[in-house]
Amino acid sequence: MQRMEEPWWKGELVAEIHQTLRLKELKLPLYKAHSPQIGMRHYFADLLAVLSNRCRLCPTARHLAVYLLDLFMDSYDVALRQLYVISVACLLLASKFEEKEDRVPKLEQLNSFACMCNLNLVITKKDLLKMELLLLECFNWNLCLPTPAHYIDYYLFASVSESDLHNGWPIISLAKVRAFVEKYTHYFLEVSLQDHVFRSFRPSLVAAACVGASRICLEISPPWTTQLQLLTRYSWEQLAPCIDLMLIVHDKNVKDAEKDKSHAARLRREQQLVERLSFQTPTQVLFQQSQYHPLAQHSVLSQFYSPIQDLCSAYRDSLQAPQSSSLVSGSSSSLHSYSTLQASFQPVLQTLQGPITMQVAFSTEPRHCLSLTYGSSYFSEHHSYTTGCFKG
């Protein structure tokens, strides 16, 4: 007799349980994707995934919660402000059905999460009970609805065999390859939650397609084995349409991750450029009038601007003076420009009555204002979706 603590896919009744699930999925309600709020479906599916991860619920509870939400939205025209309450109720019903009692989330925990995310929504116990009863009546009190998560662990038993090849070579470590395939398969299992188009396939077919897509991404050949076909009862031709959709979503996720990485890298490079330019300003001579001791007489101002113009002209002439090949002539030119600067600066010190603030900044080399064009793509170190599966 199978022990209650043992997973069903490891027990003696595994074949019978698998057969029962396959029969039940034939009687699942037909999903038509007719909800007026179908555009918000992706947001609430992600919300349920975040809530289930925060509450550490099993994948079957998460997938059942999203499936309940899809079926309810497909049958009723729900106000958008009520979808959050319905989503939480679906998560609680799914966790009560799939998890142990001590793992079921508490209402206070869910409300604290909503407060932390600034959702400004507080669910009362009375409203939640009403919504749970409404959901149960909608599903005729039957929550035994197979999802792809119910099949995935059973199909993983045959995901890799000793006769498989990796990049055309025999597999050295079968355990490591199985671990990679398992993580990639669970990644594609989450991909199947992102779009309601996967509801058009049977849950068992979606689970088998997750294994097939993982073998393709990991370059394991052949893509589908006889053992997998006997276990899942699906041929490669039957899985191909679903696998194609998964790989399309996968490629989009990778491109989005690269785009986010390139955008972040471009912002960092621009920030570094701004910091460098702030310390390397062009050559300039700035004289600012003191705001606390203004110059009152116009005659003083006329005497002030003339030496300034001479000073700027002398310095500009020193930069534009032709450099001779002789080192001696070059040194004399430098001395002449310095003496000119000194002579032009002396009347300023003798004539002005009020304090003057002066800022002189010199750069080591002449710089120009150029329009900088950055590349639109920087190759990121890793993809957030694919390598995220390999983190322990």
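This chain uses plain numbering: 1 for the first residue, then up along the sequence. Every heavy atom of this structure was used, including side-chain atoms; hydrogens, water molecules and symmetry mates were not.
Within the model, atoms CG of Leu71 and OH of Tyr76 stand 11.5 Å from one another, a figure rounded to the nearest 0.5 Å. To the nearest 0.5 Å, atoms CE (Met246) and SG (Cys217) are separated by 11.0 Å. Atom-to-atom distance recorded for Cys242:SG and Tyr234:OH is 10.0 Å, nearest 0.5 angstrom. A distance of 5.0 Å separates CG in Leu69 from SG in Cys90, rounded to the nearest 0.5 Å. Residue Lys27 holds its NZ atom at 10.0 Å from CG of Asn142, rounded to the nearest 0.5 Å. One distance of note links NZ of Lys125 with CD of Glu108; it measures 8.5 Å at 0.5 Å rounding.
Within the 4.5 Å cutoff, the side chain of Arg41 has heavy atoms near those of the Val66 side chain. The side-chain heavy atoms of Ser161 and Ile171, taken from C-beta on, include no pair separated by under 4.5 Å. Put simply, the side chain of Leu21 does not reach to within 4.5 Å of the side chain of Ser204, judged on heavy atoms. Leu68 has its side chain within reach of Leu143: a pair of non-hydrogen atoms, C-beta onward, lies under 4.5 Å apart. The side-chain heavy atoms of Trp141 and Leu133, taken from C-beta on, include a pair separated by under 4.5 Å. Pro59 is not listed as a side-chain neighbour of Ile152, based on a closest heavy-atom distance of 4.5 Å or more. At least one side-chain heavy atom of Asn253 sits less than 4.5 Å from a side-chain heavy atom of Val191. At a threshold of 4.5 Å between non-hydrogen side-chain atoms, the residues Tyr67 and Pro29 count as touching.
The backbone N or O of Lys259 lies less than 3.5 Å from a partner atom in the side chain of Ser262, making a donor-acceptor pair. No side-chain donor-acceptor contact under 3.5 Å links Asn167 to the backbone of Trp169. Side chain of Arg103 to backbone of Arg56: a donor-acceptor contact under 3.5 angstrom is found. Although no hydrogens or angles enter the test, the distance criterion places no donor-acceptor pair under 3.5 Å between the side chain of His196 and the main chain of Asp70. Side-chain atoms of Gln37 never come within 3.5 Å of backbone atoms of Met73 as a donor-acceptor pair (strictly under, hydrogens ignored). Judged by distance alone, the side chain of Glu137 and the main-chain N or O of Leu134 form no donor-acceptor pair under 3.5 Å.
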Passes side chain to side chain contact (heavy atoms under 4.5 Å, CB included), Leu48 versus Arg62? Steps please.
CA-CA 7 Å; Leu48 286 177; Arg62 176 166 60 255; 5.7 Å; no

Given the rule in the side chain to side chain contact (heavy atoms under 4.5 Å, CB included) test, do Leu110 and Ile123 qualify, once you have shown the distances and angles that lead to the verdict?
CA-CA 9 Å; Leu110 297 175; Ile123 304 176; over 6 Å; no

Take Val177 and Leu218, measure what side chain to side chain contact (heavy atoms under 4.5 Å, CB included) needs, and give me the verdict at the end.
CA-CA 9 Å; Val177 174; Leu218 294 174; 5.7 Å; no

Side chain to side chain contact (heavy atoms under 4.5 Å, CB included), that's the test. Do Leu228 and Thr225 meet it? Break it down for me.
CA-CA 5 Å; Leu228 279 169; Thr225 63; 3.5 Å; yes

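Cluster membership for Leu189 and Leu47, using ILVMFWY side-chain heavy atoms within less than 4.5 angstrom, is not shared. Residues Leu26 and Leu145 do not share a hydrophobic cluster, defined by chaining ILVMFWY side chains whose heavy atoms lie under 4.5 Å apart. No continuous path of hydrophobic side-chain contacts links Leu107 to Leu129 [ILVMFWY only; heavy atoms under 4.5 Å]. Following chains of ILVMFWY side-chain contacts shorter than 4.5 Å, one can reach Val88 starting from Leu193, so the two form part of one hydrophobic cluster. A continuous path of Ile, Leu, Val, Met, Phe, Trp and Tyr side chains, each step under 4.5 Å between heavy atoms, connects Leu136 with Leu28, placing both in one hydrophobic cluster.
Residues meeting the salt bridge (Lys or Arg N to Asp or Glu O under 4.0 Å) test with Lys96, sequence neighbours left out: Glu132. Residues satisfying the salt bridge (Lys or Arg N to Asp or Glu O under 4.0 Å) test with Glu182, not counting sequence neighbours, are none. Annotation: salt bridge (Lys or Arg N to Asp or Glu O under 4.0 Å) contacts of Arg202 (sequence neighbours excluded): none. Considering only residues two or more places apart in sequence or on other chains, Glu25 meets the salt bridge (Lys or Arg N to Asp or Glu O under 4.0 Å) condition with Arg22. Every residue was checked against the ring-ring contact (aromatic ring centres under 6.0 Å, His included) condition with His166, not counting sequence neighbours, and none meets it. Looking at residues two or more places apart in sequence or on another chain, you find a ring-ring contact (aromatic ring centres under 6.0 Å, His included) between Tyr154 and Trp8, His18. Take Phe188 and apply the ring-ring contact (aromatic ring centres under 6.0 Å, His included) test, not counting sequence neighbours, and it matches His250. Every residue two or more places apart in sequence or in another chain that forms a side chain to side chain contact (heavy atoms under 4.5 Å, CB included) with Lys24 is listed here: Thr20, Cys144, Pro146. Residues passing the side chain to side chain contact (heavy atoms under 4.5 Å, CB included) test with Lys32, sequence neighbours excluded: Leu30, His34, Asp74. Here Asp153 pairs with Trp9, Leu156, His186 under the side chain to side chain contact (heavy atoms under 4.5 Å, CB included) rule; sequence neighbours left out. Every residue meeting the side chain to side chain contact (heavy atoms under 4.5 Å, CB included) condition with Pro241, not counting sequence neighbours, appears here in chain and number order: Phe201.
Side-chain contact annotation: Tyr151 with Thr232, donor-acceptor N/O pair under 3.5 Å absent. Between His63 and Thr60, the side chains place no donor N or O within less than 3.5 Å of an acceptor N or O (distance only, hydrogens not considered). For Thr185 and Ser214, the side-chain atoms include at least one donor-acceptor pair closer than 3.5 Å.
Within 6.0 Å of CD1 in Ile172 there are 12 or fewer heavy atoms belonging to other residues, nucleotides or ligands.
A salt bridge links Lys252 to Asp256: one of the charged nitrogens lies within less than 4.0 Å of a carboxylate oxygen.
Residue pairs meeting the salt bridge (charged side-chain N to carboxylate O under 4.0 Å, His left out) criterion with at least one partner in residues 204-216, sequence neighbours excluded, are Asp164-Arg215.
Tyr184 has its ring centre no less than 6.0 Å from the ring centre of Phe180.
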